[in-house]
Amino acid sequence: MGKVFSFRYALFLSIILFSIGAYGCKNKYVSPNKDQGPSSIHSVINPIKTDNDIKYENSDNIDKSSLTNPIPLHKDESISVHGTWISLGESEESILNKLGNPNRLYKSELDFDYYVYNNDYSKLLYVAINDNKVVGFYTDSIDFNYLGITSDCSLDDVNQSLATDYKMSYILTHPSDTYTLYVFMDEMETQKVTGIFLLLNDFQENKFTNDLLKDVELMVYDLTNSIRKRNGLPILSWSSTASKAARKHSKDMANNKYFNHYDLYNKNPGDRLKEEGIYYQSIGENIIAGYGTAIISSHAWFNSLDHRENILNKDYNNLGVGFTYSEDSVYKSYITQVFYR
């Protein structure tokens, strides 16, 4: 589309999230036979602040014990994960030699593909590849180390490693001339790092094809299961039928310019599942608009109490995800998660 896309820009499109739950969730989903509507809590997530004047400094707090995978010269462009090093500019062939073939390839909303390593959700890894070279990486793996930043690090640890003075936020954006680093935090409970994303700057935006929409949905599925695995919960099964219902709701919100769990005909999440032939014991739904695609949206949900309750609800065993993107809509991007048993 010839349009330069920025993840920072996506965060400013909307600051509203909702969640709804059923049968024991805090946001109770009331039977359609009742007159009372859902008691959804409106959460406001403030746009992140970026400081373009931050001077970047390297850290020496990196494990130097590896002999077979020596520490790269440009440490700020590399991450230690899955027992090896991954660096910006590294060849696709080198990645395949180190990590093996990816479990999946996902198309990106930007001009690269994700090589997906998701056979173990406690070590989820996406490697962004463009023109046969690494242009970025995302991981919330339990074993990553970037300039001394690990999943056990506090905000003080992050600031020490980056020589910065960030305040607590669910996403810390650290720009440089060539790339942007995103450090994701759990600002609600542990106050520790939950993931890290490094990406070269100024990629062109891809056209949102049906294949791309489906890949975004699968990324949300991966990220949700990664959160559950790291919190000691069983992973959710993918439901293509529930995804169909979720996708219809996302499209309906975009096309008809509303943002709610109830559509313009007062149909609720349970009604939408039943229309697709799914009868459930319990159900929950998260929706988000204007936060771009999978990675930032999933971390935003995790840092909102009622959405987190749905993600970590031990009673659910199935998940469907529906994503849509419309330039003519209010928020452009819309994602719906439907959990059920």
Got a list of side-chain donor-acceptor pairs under 3.5 Å for residues 234-241, not counting sequence neighbours?
| from | atom 1 | to | atom 2 | distance (Å) |
| --- | --- | --- | --- | --- |
| S239 | OG | A242 | N | 3.0 |
| S239 | OG | Y340 | OH | 3.1 |

Give me the ring orientation class for [X] and [Y]: parallel if the planes are under 30° apart, tilted from 30 to 60°, perpendicular past 60°.
X: F112; Y: Y114; answer: perpendicular
X: F323; Y: F208; answer: tilted
X: Y138; Y: F197; answer: perpendicular
X: Y166; Y: H174; answer: perpendicular

Under a 3.5 Å distance rule, please check whether D111 uses its side chain to pair with a backbone N or O of Q204 as donor and acceptor. no
Could you point out which residue of L181, L147, T178 forms a side chain to side chain contact (heavy atoms under 4.5 Å, CB included) with D76?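 Among L181, L147, T178, the one meeting side chain to side chain contact (heavy atoms under 4.5 Å, CB included) with D76 is L147.
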Among L88, L199, D202, which residue satisfies the side chain to side chain contact (heavy atoms under 4.5 Å, CB included) criterion with Y179?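 Looking at L88, L199, D202, the match for Y179 under the side chain to side chain contact (heavy atoms under 4.5 Å, CB included) is L88.
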R104/D222 salt bridge by N-O under 4.0 Å criterion: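 Answer for the salt bridge query: no.
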When you check the gap from the basic side-chain N to the acidic O, do E90 and K133 get nearer than 4.0 Å?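 No, E90 and K133 are not salt-bridged.
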Less than 6.0 angstrom from the centroid, inside 45 degrees of the normal: does R308 satisfy that with respect to the ring of F302?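 Yes, a cation-pi geometry holds between R308 and F302.
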Nearest 0.5 Å please: distance from the CG atom of N159 over to the CE atom of M168.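 The CE atom of M168 is 9.0 Å from CG of N159, to the nearest 0.5 Å.
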Residues at least two apart in sequence or cross-chain that pass side chain to side chain donor-acceptor pair (under 3.5 Å) with N225, listed by chain then number, are Y221
Run the ring-centre check on Y170 versus H299 and record whether the distance is less than 6.0 Å. no
Would D157 and S154 count as having a side-chain donor-acceptor pair, cut-off 3.5 Å?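 Short answer, yes.
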Kindly indicate, with the supporting measurements, whether the criterion side-chain hydrogen bond (donor to acceptor under 3.5 Å, both in side chains) is fulfilled by D143 and S141. CA-CA 5 Å; D143 69 347; S141 175; 2.4 Å; yes
